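Not measured: the values here are computed from a predicted model. Just so you know, ligand 1 is whichever comes first in the structure, and atom 1 is the first atom listed for that ligand.
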Amino acid sequence: MGQTIRLNDRSTVVESKMTNENLFHIINNRRSIRKFLDKEIPKELIEKILAAGFRAPFAYQSCSIVYTQDKEKISKLKKMGIYPSTKLFMVFFIDFHRLEKLLHKRGYKYDFDDSLFLWLAIQDATLVCENVILAAEAVGLGSVLLGGAPFLYNEIKTVFNTPPKVFPVVGLCLGWPDPEHIMTVRPRFPLKYSAFEDTYKPFTDEMIQECMKAMDEGYLTQGYYIKLGAKIPLKNKEDKIGVDKYSWSEHISRKISQGSWYKETLPTILRKEGFNLE
Ligand SMILES: Cc1cc2nc3c(=O)[nH]c(=O)nc-3n(C[C@H](O)[C@H](O)[C@H](O)COP(=O)(O)O)c2cc1C
């Protein structure tokens, strides 16, 4: 059933084709997709998704996207971990270049706190990104994010021809989901341990145990890491956990307990890119 919403300016009446339930259905059924069909995505659909992306709230409109369906460009960025069947690849950028141009046009000179600018700009980009993900879902496309973008800024710069101060936040692989490879929706921490009414509750052993149980049982039942083949090796310890017992909490623990994955830290990279982090 459609819904009619009257906006404040009284003259505008928006006929919404989507019920609230549809939106919740899309959100609650989204899962990362890593295998796509070899089927083109029409340009109008891409533009529709992108336009929905930029309807996100913004602090500075400091997000830009560069997207490509060009196989050669996509393959030049494969170090980012792009899934081979990806049909459409996007990078979400913090775009300081455009704002600086705007500032100059109005006769101003930038004088601000770069760390605050970055903090808000990352949020601008993230909100656009989530809108794009959900809009893509709404038209039947699947996607998966790639977090390594900031560390491959040089490669991205070369392939997408981005000027200084246009800095990558995250990558997104998109395509029509391959029905043979769609996995179940992944679990989350129980809501009562993620959202607290009135006061935060520091975690007791029992609480953390419950969180781990919800995640680990969910992932193990799905055989998630077996299907994904994504077991992180231990650097200085014998690995006594077989892939059948390799759970989400083990995965995340291994991820953030064995040093950085990258040679450079983010502040070093951002300084190189011209951001002043003091
Ligand atoms: C910032 C960010 C970076 C991510 N980077 C990767 C990545 O590099 N490779 C990958 O396969 N998935 C990546 N993901 C996807 C997560 O693994 C996925 O969202 C998570 O396991 C939850 O699964 P779901 O999206 O199916 O609910 C990333 C997700 C986020 C939010």
Side-chain angles (χ1 to χ4, degrees), residues 24-36 53 56 63 65 74 77-94 118-119 121-138 140-153 155-156 167-191 193-194 211-212 214-233 243 246-256 258 260-262 266 269-270:
F24 277 94
H25 180 82
I26 289 164
I27 292 172
N28 291 330
N29 283 285
R30 188 211 56 81
R31 80 269 338 240
S32 295
I33 300 292
R34 297 181 171 88
K35 186 90 171 59
F36 306 100
C63 171
I65 296 172
I74 292 178
L77 292 170
K78 63 172 181 261
K79 252 170 69 187
M80 276 181 78
I82 298 181
Y83 289 91
S85 57
T86 299
K87 292 303 284 181
L88 169 65
F89 184 65
M90 301 185 176
V91 177
F92 295 77
F93 292 91
I94 287 170
L118 282 167
W119 181 260
I122 289 166
Q123 294 174 69
D124 276 1
T126 309
L127 290 165
V128 171
C129 181
E130 178 66 354
N131 262 19
V132 167
I133 290 171
L134 293 177
E137 286 282 322
L141 290 165
S143 66
V144 62
L145 285 163
L146 298 181
F151 299 93
L152 286 156
Y153 63 104
E155 284 86 342
I156 292 172
F167 190 75
V169 176
V170 73
L172 188 68
C173 305
L174 290 129
W176 301 105
D178 182 339
E180 307 266 303
H181 289 87
I182 297 181
M183 286 157 97
T184 325
V185 168
R186 256 73 86 186
R188 295 291 188 268
F189 288 142
L191 187 59
Y193 297 139
S194 291
C211 284
M212 288 166 69
M215 292 302 293
D216 292 347
E217 284 184 0
Y219 272 71
L220 288 172
T221 309
Q222 288 181 21
Y224 182 76
Y225 293 111
I226 297 176
K227 285 183 197 150
L228 209 61
K231 191 166 182 257
I232 298 175
V243 73
Y246 186 77
S247 64
W248 179 82
S249 64
E250 180 64 24
H251 184 71
I252 209 71
S253 302
R254 289 185 184 198
K255 245 185 176 174
I256 57 169
Q258 304 194 91
S260 175
W261 309 337
Y262 302 101
L266 258 182
I269 293 171
L270 288 167

Residue portion contacting ligand 1 (non-hydrogen atoms closer than 4.0 Å) for [X]:
{"X": "Val185", "result": "neither"}
{"X": "Arg188", "result": "side chain"}
{"X": "Arg31", "result": "both"}

How close do [X] and [Y] get, counting heavy atoms only, and between which atoms?
{"X": "Ser249", "Y": "Met212", "value": "OG-CE, 3.7 Å"}
{"X": "Ala125", "Y": "Phe93", "value": "CB-O, 4.3 Å"}
{"X": "Ala56", "Y": "Asn131", "value": "N-ND2, 3.3 Å"}

Close approach of [X] to ligand 1, heavy atoms, under 4.0 angstrom:
{"X": "Arg34", "answer": "yes"}
{"X": "Trp248", "answer": "no"}
{"X": "Met183", "answer": "no"}

Considering Leu228, Leu145, Val169, Thr126 one by one, which has a heavy atom nearer to atom 28 (C) of ligand 1 than any of the others?
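Residue with the shortest heavy-atom distance to the ligand atom: Leu145.
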What distance do [X] atom [atom1] and [Y] atom [atom2] have between them, rounded to the nearest 0.5 Å?
{"X": "Ile33", "Y": "Arg31", "atom1": "CD1", "atom2": "CZ", "value": "6.0 Å"}
{"X": "Ile133", "Y": "Ser32", "atom1": "CD1", "atom2": "OG", "value": "7.5 Å"}
{"X": "Arg30", "Y": "Leu134", "atom1": "CZ", "atom2": "CG", "value": "7.5 Å"}
{"X": "Trp248", "Y": "Cys211", "atom1": "CH2", "atom2": "SG", "value": "8.5 Å"}
{"X": "Cys173", "Y": "Tyr83", "atom1": "SG", "atom2": "OH", "value": "7.5 Å"}
{"X": "Tyr219", "Y": "Lys227", "atom1": "OH", "atom2": "NZ", "value": "12.0 Å"}

What protein heavy atom is closest to [atom], reported as residue, atom name and distance in Å?
{"atom": "atom 8 (O) of ligand 1", "result": "Gly147 N, 3.4 Å"}
{"atom": "atom 25 (O) of ligand 1", "result": "Ser32 OG, 2.6 Å"}
{"atom": "atom 1 (C) of ligand 1", "result": "Val170 CG2, 4.4 Å"}
{"atom": "atom 23 (O) of ligand 1", "result": "Arg186 NE, 3.6 Å"}
{"atom": "atom 20 (C) of ligand 1", "result": "Tyr219 OH, 4.5 Å"}

Examine Val144 against ligand 1 and note whether any of their N/O atoms are separated by less than 3.5 Å.
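No, no N or O pair falls under 3.5 Å.
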Say whether Tyr83, considering both its backbone and side-chain N or O atoms, lies within less than 3.5 Å of an N or O atom on ligand 1.
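For ligand 1, there is an N or O atom that lies under 3.5 Å from one belonging to Tyr83.
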Suppose I only count heavy atoms of Arg30 and a 4.0 Å limit; which atoms of ligand 1 are within that range?
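It comes down to these atoms of ligand 1: 24 (P), 25 (O), 27 (O).
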Could you give me the CA-CA distance, side-chain angles and deciding distance for Tyr225 and Leu220, then say whether side-chain contact (heavy atoms from CB on, under 4.5 Å) is met?
CA-CA 8 Å; Tyr225 293 111; Leu220 288 172; over 6 Å; no
